[in-house]
Q: 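Dropping a structure here in C-alpha cells format, bear with me for questions.
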Amino acid sequence: MKKGKKIIVVLLILLLLVVLLGFVAEYIRRTTIRAVIVKVSENSLLVYDGTLYNVGFTKKGDIGFRQGQEVLIFFEGAVMETAPAQPVGVRKIKIIKEKSDREISEQILRYAYSSKDNVKVTVNEFTPTGITFTIIDTNELPYDYSHSYRIEKKVKNSDYTGIGQKIGEDTQNSIAGYTRNRA
C-alpha cells in the first residue's frame, strides 16, 4: 500500500475508534448514577446526585451501605418518574468512596428524616376568639410546617339540595354542594 493510503486507513480507524468510544461513554453515562447515600432502609437506598432516587437492593446486595458514602449504581437505563425517581433494573451498586466530598443539603436530609407522623398537635384551649395549642415534634430534623394558622367556623351548607350523592362534609368550605346526579 502506498503511504498516503496507509495514513487514510489509519485515520479512518482512529475516527471509528473515537466514535465507538463516544457511544460507549454515552451508554455508560445513561446506565449509571454516581450519587451520595442519604438514607439506608431495609431494602433500599435514598441517594442524591442533583436528583433524588430510591434504589432497591436485595439482602445479598447489601454490602454495608451507610449515609454519606458515594456509590455508583448500574441499571438498565430507564428511570421511573416517581417521587423520588427510581432507576429500572438495578444490576449492581458499588461503593466508590466511604465519605463523599459532596455535601447533602439540609432540605434533602429533612425530606428523608422528617415525617408528619412524628408531629403531635394538642389543642390546649379553644375560645371564640383564639386557640392555644402545643406542637411536639420528635423528628431528628424538625418537620417543616406552617407558622400561619386560621380558625374556620363549621356551618351547615344551606345551598346543599340533597339531590344526588353527597360528597364531603356539610360545611360552607366543603365540596358537599357538588353532587353527582345518577341518570
Side-chain angles (χ1 to χ4, degrees), residues 33-73 75 79-88 90 93 95-180:
I33 299 169
R34 184 177 183 145
V36 179
I37 297 176
V38 176
K39 185 176 183 178
V40 180
S41 299
E42 187 176 333
N43 294 339
S44 67
L45 301 173
L46 191 62
V47 300
Y48 185 72
D49 76 340
T51 299
L52 201 56
Y53 296 96
N54 185 27
V55 181
F57 61 87
T58 63
K59 287 186 181 199
K60 182 181 173 185
D62 187 351
I63 55 175
F65 300 119
R66 289 188 307 281
Q67 180 184 336
Q69 291 175 325
E70 196 163 319
V71 292
L72 190 59
I73 300 155
F75 67 107
V79 176
M80 290 192 292
E81 295 181 14
T82 56
Q86 296 179 58
V88 176
V90 173
I93 305 171
I95 299 170
I96 297 172
K97 291 182 181 177
E98 284 299 320
K99 179 69 178 135
S100 177
D101 302 331
R102 294 191 269 176
E103 188 83 17
I104 303 170
S105 73
E106 185 176 325
Q107 181 182 5
I108 298 297
L109 289 171
R110 194 176 302 279
Y111 173 84
Y113 291 98
S114 292
S115 168
K116 68 180 180 183
D117 297 334
N118 297 328
V119 177
K120 183 178 179 187
V121 179
T122 307
V123 175
N124 300 331
E125 183 181 2
F126 184 67
T127 68
T129 58
I131 187 170
T132 306
F133 56 92
T134 304
I135 300 173
I136 299 173
D137 184 350
T138 58
N139 284 298
E140 194 173 317
L141 294 170
Y143 186 77
D144 277 336
Y145 48 86
S146 175
H147 294 283
S148 170
Y149 309 98
R150 70 177 185 211
I151 300 171
E152 294 181 359
K153 184 177 180 182
K154 188 173 184 177
V155 296
K156 278 288 198 186
N157 186 345
S158 57
D159 296 329
Y160 178 64
T161 63
I163 298 170
Q165 180 184 358
K166 184 168 84 170
I167 304 170
E169 304 176 56
D170 262 341
T171 62
Q172 181 179 7
N173 298 319
S174 75
I175 57 172
Y178 298 96
T179 61
R180 290 188 203 123

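Worth knowing before you read on, the calculation uses all heavy atoms, side chains too, and leaves out hydrogens, waters and symmetry mates.
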Q: Would you check if N54 and T82 make a side-chain contact, meaning some heavy-atom pair closer than 4.5 Å?
A: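 No, every pair of side-chain atoms sits at 4.5 Å or beyond.
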Q: By side-chain contact (heavy atoms from CB on, under 4.5 Å), which residues pair with I96, not counting sequence neighbours?
A: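 R34, L72.
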Q: Are M80 and V88 packed together at the side-chain level, in the sense that at least one heavy-atom pair is separated by less than 4.5 angstrom?
A: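 Yes; the side chains approach each other to less than 4.5 Å.
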Q: State, yes or no, whether a side-chain contact exists between V90 and F57 at a heavy-atom distance under 4.5 Å.
A: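 Not touching, per the 4.5 Å side-chain cut-off.
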Q: For T51 and A85, which heavy atoms make the closest approach, and how far apart are they?
A: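 Closest approach of T51 to A85: CG2-CB, 4.4 Å.
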Q: Supply the atom-to-atom distance Q69 CD to K97 NZ, rounded to the nearest 0.5 angstrom.
A: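 Going from CD on Q69 over to NZ on K97, the span is 12.5 Å.
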Q: For the atom pair OH (Y111) and CD1 (I104), what is the distance rounded to the nearest 0.5 Å?
A: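 Y111 atom OH to I104 atom CD1 measures 14.5 Å (nearest 0.5 Å).
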Q: When V47 is tested against each of I73, I93, V38 for side-chain contact (heavy atoms from CB on, under 4.5 Å), which residue passes?
A: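 One option only clears the test, and that one is I73.
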Q: Only one of L52, L46, V36 forms a side-chain contact (heavy atoms from CB on, under 4.5 Å) with I108, so which one is it?
A: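 Result for side-chain contact (heavy atoms from CB on, under 4.5 Å) with I108: L52.
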Q: Any idea which heavy atoms bring A112 and K39 closest together, and the distance?
A: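 Answer, listing the atom of A112 first, then K39: O-NZ, 2.9 Å.
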Q: Within a radius of less than 6.0 Å around CD of E42, do more than 12 heavy atoms belonging to other residues, nucleotides or ligands occur?
A: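 No, because the 6.0 Å sphere around CD of E42 holds 12 heavy atoms or fewer from other groups.
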Q: Measure the spacing between OG1 of T138 and NZ of K120 and express it to the nearest 0.5 Å.
A: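 Here the rounded value is 10.5 Å.
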Q: Partners of D137 by side-chain contact (heavy atoms from CB on, under 4.5 Å), sequence neighbours excluded?
A: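 D137: side-chain contact (heavy atoms from CB on, under 4.5 Å) contacts with V119, N139, P142, Y143, Y145.
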Q: Starting at CG of N124, measure out to CD1 of I131 and round the result to the nearest 0.5 Å.
A: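 Answer for the CG-CD1 pair, N124 versus I131, is 9.0 Å.
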Q: Partners of E140 by side-chain hydrogen bond (donor to acceptor under 3.5 Å, both in side chains), sequence neighbours excluded?
A: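 Checked E140 against side-chain hydrogen bond (donor to acceptor under 3.5 Å, both in side chains); zero matches.
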Q: State, yes or no, whether a side-chain contact exists between P87 and V55 at a heavy-atom distance under 4.5 Å.
A: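 A side-chain contact under 4.5 Å exists here.
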Q: Could you go through the side chain to side chain contact (heavy atoms under 4.5 Å, CB included) check for R102 and D49 one step at a time?
A: CA-CA 9 Å; R102 294 191 269 176; D49 76 340; 4.2 Å; yes
Q: So, taking the atom named CD in E98 and the one named CD in E70, what distance separates them when rounded to the nearest 0.5 Å?
A: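 Between atom CD of E98 and atom CD of E70 there are 11.5 Å.
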